[in-house]
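What you see is a predicted model; the values in this text were computed from it and never measured. Counting convention: from 1, in listed order, for ligands and their atoms alike.
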Amino acid sequence: MKSPDFEYVKAKNIEDVFASLHTYKDSAQILAGGQSLLAMLNLRMANPQILIDISGIDAMKGIEKIDKIVRIGALTTHNEILNSDLVKLHVPLLAQAVPYVAHLAIRNKGTIGGSLALGDPAAEYPAIALALNATLVIQSAKGERRVKAHDFFISLYRTAVQTEEVLVAVEFPVASANQRFVFLELARRKGDYAMVGLAVALTVDGKTIRDCALSLMAMDDKPVLAPSAMLALTGKQINPDSILSAQTALDTDLDPPGDLQANAATKKHLARVLLSRALEQVGESHV
Ligand SMILES: Cc1cc2nc3c(=O)[nH]c(=O)nc-3n(C[C@H](O)[C@H](O)[C@H](O)COP(=O)(O)OP(=O)(O)OC[C@H]3O[C@@H](n4cnc5c(N)ncnc54)[C@H](O)[C@@H]3O)c2cc1C
């Protein structure tokens with residue numbers, strides 16, 4: 001299918017974007033890397049009157065460390081994140097996840113802001129943002145507001161970004177020496193969206209887990225934490241018993257809808273498998 005007709009404007013700066021959004025409101029759609037939106041247009045899943053191309057706004061690009069955060073501009077591409085030493089050093093969970101995002105050609109154009117603003121529950125960045133308690137920076141003509149990942153993802157393809165607002169950056173906390181991270185996912189083919197994915201962030205004290213975040217992809221209409229499994233691991237060391245209790249608790253946390261890739265029972269089974277693999281990986285290498 002071909003896309004519907006639409007007008008097009010290339011914004012020179014963020015003020016241009018706000019002006020166009022103010023004029024066209026809900027009938028406008030922002031175009032970043034186009035790696036999801038262009039397909040959605042061709043499939044007639046989107047029908048905007050106008051596309052506002054933000055890809056030329058340099059102020060929304062780049063990765064910088066500011067004290068205890070790493071700030072990534074919304075227009076930073078997946079490949080720029082993949083090749084960033086700052087990300088490897090200070091946000092290792094994100095560094096582990098980027099190779100799973102799509103394929104090289106898509107990673108050259110697709111942006112972190114586009115992925116987060118789209119809010120696909122099977123995408124990697126939303127789950128990473130949730131696991132790391134990231135802050136999403138949203139701007140409008142009225143100013144800036146900051147939203148925690150927990151409040152940002154609302155439901156399928158719905159986020160806290162409102163009409164006349166733009167996601168301009170995401171801020172991740174800098175990892176500390178007593179944190180351990182694992183990202184794992186299962187997909188039918190490399191580069192496909194995941195059937196199930198798991199992001200693990202542990203804070204340890206010697207061999208004991210002091211704090212724990214388990215964030216899952218493709219298990220609901222948004223990325224979800226697994227509070228019972230997180231509680232089951234807190235205060236414990238990693239061993240076969242604690243892994244088993246965490247897996248049992250995880251079962252009570254998850255109630256996934258089946259989808260074209262797997263039914264609910266298979267998804268829950270795969271989540272348990274990923275959890276044991278992730279914990280074994282941490283246990284073998286660090287704790
Ligand atoms: C074959 C294929 C496989 C893929 N596999 C994966 C995968 O495994 N994992 C994965 O995570 N992704 C995958 N993707 C999607 C890819 O990562 C996209 O790059 C990403 O989802 C969207 O980024 P974009 O910059 O291309 O955004 P666009 O396509 O330009 O925009 C996406 C949506 O976000 C909105 N938007 C974009 N930027 C902003 C902003 N700054 N503020 C507010 N709204 C904004 C747009 O209006 C649109 O609704 C795949 C895509 C394809 C085509």
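- Remark: ligand 1 and G34 share an N or O pair separated by less than 3.5 Å (distance only, no angle test).
- Residue contacts with ligand 1: R107 is excluded, as none of its non-hydrogen atoms falls under 4.0 Å.
- For the atom pair OG1 (T248) and CD1 (I243), the distance works out to 11.5 Å, reported to the nearest 0.5 Å.
- Using a 4.0 Å cutoff on heavy atoms, T77 does not count as a contact of ligand 1.
- Closest to atom 46 (C) of ligand 1 by heavy atom, among I57, L21, I30, V17, is I30.
- A side-chain donor-acceptor contact under 3.5 Å links S228 and D253.
- Using a 3.5 Å distance cut-off with no hydrogens or angles, the side chains of D26 and T163 do pair a donor with an acceptor.
- For the residue pair T77/N79, the side-chain donor-acceptor check at 3.5 Å is not satisfied.
- Note: H78 and Y125 meet the aromatic proximity criterion, with ring centroids under 6.0 Å apart.
- Residue M60 places no N or O, backbone or side chain, under 3.5 Å from any N or O of ligand 1.
- By the 3.5 Å distance cut-off applied to N or O atoms, A32 is counted among the residues near ligand 1.
- Donor-acceptor pairing under 3.5 Å is recorded for the side chains of N263 and T266.
- At least one heavy atom of I54 sits less than 4.0 Å from an atom of ligand 1.
- Below 3.5 Å of separation, one finds no N or O of K109 facing any N or O of ligand 1.
- Taking all heavy atoms of A28, A194, A102 into account, the minimum distance to atom 8 (O) of ligand 1 is reached by A102.
- Residue V101 places no N or O, backbone or side chain, under 3.5 Å from any N or O of ligand 1.
- Checked against a 3.5 angstrom limit, the closest N/O atoms of L31 and ligand 1 fall outside it.
- Atom 41 (N) of ligand 1 has as its closest protein heavy atom L167 O, 2.9 Å.
- Checking each of R146, K148, R71 against T135 for a side-chain hydrogen bond (donor to acceptor under 3.5 Å, both in side chains) leaves exactly one that passes, namely K148.
- Looking from atom 12 (N) of ligand 1 to the surrounding protein, the closest heavy atom is Y193 OH, 3.2 Å.
- Here's the thing with G33: one of its N/O atoms is less than 3.5 angstrom from an N/O atom of ligand 1.
- Considering backbone and side-chain atoms together, T111 places an N or O closer than 3.5 Å to an N or O of ligand 1.
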task: Kindly indicate, with the supporting measurements, whether the criterion side-chain contact (heavy atoms from CB on, under 4.5 Å) is fulfilled by S242 and Q237.
output: CA-CA 7 Å; S242 63; Q237 298 190 0; 5.9 Å; no
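- Between E165 and ligand 1, no pair of N/O atoms sits closer than 3.5 Å.
- Where the criterion is an N or O separation shorter than 3.5 Å, residue side chain and backbone included, L37 meets it with respect to ligand 1.
- Using a 4.5 Å cut-off on side-chain heavy atoms (C-beta onward), R158 and F153 make no contact.
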